[in-house]
Amino acid sequence: MLSNLKLQPQDKILQLIQMFREDPRDTKIDLGVGVYKDANGLTPVMRAIKSAEQQLWQSETTKSYTGLAGEPAYQDAMIGLVLGAAVPRNRIAAAASVGGTGAIRQALELVRMASPDATIWISNPTWPNHPSIIKYLGMKMAEYRYFDADSGAVDFDGMCEDLAQAKAGDVILLHGCCHNPTGANLNMTQWSEVVRILQATGATPFIDIAYQGFGDGLEEDAAATRLVASSVPECLIAASCSKNFGIYRERTGILMAIGETAASQPVTQANLAFLNRQNFSFPPDHGARLVTMILTDDTLRTEWQTELEQVRLGMLSLRTQLADALRVASGSDRFGFLAQHRGMFSRLGTTPEMVEKLRAEHGIYMVSDSRMNIAGLNARTIPILAKAIIDCGI
Ligand code: LMR
């Protein structure tokens, strides 16, 4: 039986981790996988997480199962973080998931159960795991234009034109903030236009929000999600705690499914619990518990928000420094968009051949579509990257 298996296409982001590890050059620079790194290249455990872990170690008396959809306190805390009071709580079904990816997978399975013929609209480009999971689940998929490579900004006219083709029953996958891989984002006026298209077409929005707090601030980054969720009858949201709480390996995420009225909530909630049971039974608890403790305790929350804000401002400063260095190195402002982008990533806008050249000749690793993890840079490596980009003729 196992001999029937074929090799699966490699994930282009994960592939880079291995290649970087195997590169013996001590001058190599990792701008690949989306993991935050400080100026020393380390991914520290956030201070509030450490404090919460200490408290938990003292107070936790059992490791017995939690609820099938996770703890209600975790659901409430995360709904508060992502949605604030934008949608009445009694319309929201929610289930803890195995990371943000688990929430995406469960959301798509929920759609497949409710509307098997739905087409899932994804941005071109998007995070590669989106189309990969949709394909794996055998669902229909369509792309909408998103990025204008010449300006490094959103191709908003193209996006609207494509989204207007969606039909009622279709699902439109949107990045709530900090678009991955481009770093180019809609402003709130443009989000209002997306809402208008959603209302006109009757398509259901599905928001993936994995970088809340990495763009313009915790509240600011949630504004689009809140606007969309409060303006349409139904909405799906997959949120991740990997990045903003720095708990990547704890696999902490949540799926929220908002129905038109409170009457449908119990059935949706039961379906979310059912899906958890089919896929992995009970969700992981450790990360979710830490997140709950932090979000519900004033001291821990302040400690967390302060550090998250430092992380955000640090990435913003790296963006400005890189744009400045490239302005000097290129004698032009053609890389100015890097300072306008938000979140962990920016798409440089060059060919896979040039990306390969940067890797081979300069030991600089970025995803083949020229996505760079800005947090992988520091004051020492920014001039090196800027020079390499110009030397390669990009
Ligand atoms: C990324 O986009 O690099 C991260 O979300 C990590 C991953 O799993 O791809």
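All values derive from a computational prediction rather than experimental measurement. Note that ligands are numbered from 1 as they come in the structure, with each ligand's atoms numbered from 1 the same way.
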Cationic tip of K243 above Y36 ring, under 6.0 Å, 45° of axis: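 Geometry flag: not set, cation outside 6.0 Å or 45°.
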Under a 4.0 Å heavy-atom limit, does N129 contact ligand 1 with its side chain, its backbone, both, or neither?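 The answer is neither; N129 stays 4.0 Å or more away.
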Would you say Y211 touches ligand 1, if touching means a heavy atom closer than 4.0 Å? yes
Any R371 heavy atom less than 4.0 Å from ligand 1: yes
Is R371 reaching over with its side chain to a backbone N or O of R347, donor-acceptor style, under 3.5 angstrom? no
Residue W127 vicinity, atoms of ligand 1 by number, heavy atom under 4.0 Å: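 Counting atoms of ligand 1 from 1, those under 4.0 Å from W127 are 1 (C), 2 (O), 5 (O), 7 (C), 8 (O), 9 (O).
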For V33, the ligand 1 atoms with a heavy-atom partner under 4.0 Å come out as 3 (O), 6 (C)
Which residue holds the protein heavy atom closest to atom 4 (C) of ligand 1, what is that atom called, and what is the gap in Å?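 Going by distance alone, atom 4 (C) of ligand 1 is nearest to K243 NZ, 3.7 Å.
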Can you list the steps and then say if R226 with E219 is a salt bridge (charged side-chain N to carboxylate O under 4.0 Å, His left out)? CA-CA 10 Å; R226 292 175 188 177; E219 294 297 303; 2.8 Å; yes
Can a donor-acceptor pair be found between the side chains of S346 and R319 at a distance below 3.5 Å?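 The criterion, which ignores hydrogens and geometry beyond distance, is satisfied for R319 and S346.
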Could you walk me through whether R301 and D298 pass the salt bridge (charged side-chain N to carboxylate O under 4.0 Å, His left out) check? CA-CA 5 Å; R301 191 173 177 130; D298 285 347; over 6 Å; no
Tested for side chain to side chain contact (heavy atoms under 4.5 Å, CB included) against V291, the lone hit among T252, T296, L81, I254 is T252
Ignoring angles and geometry beyond distance, decide whether F345 reaches within less than 3.5 Å of ligand 1 through its nitrogen or oxygen atoms. no
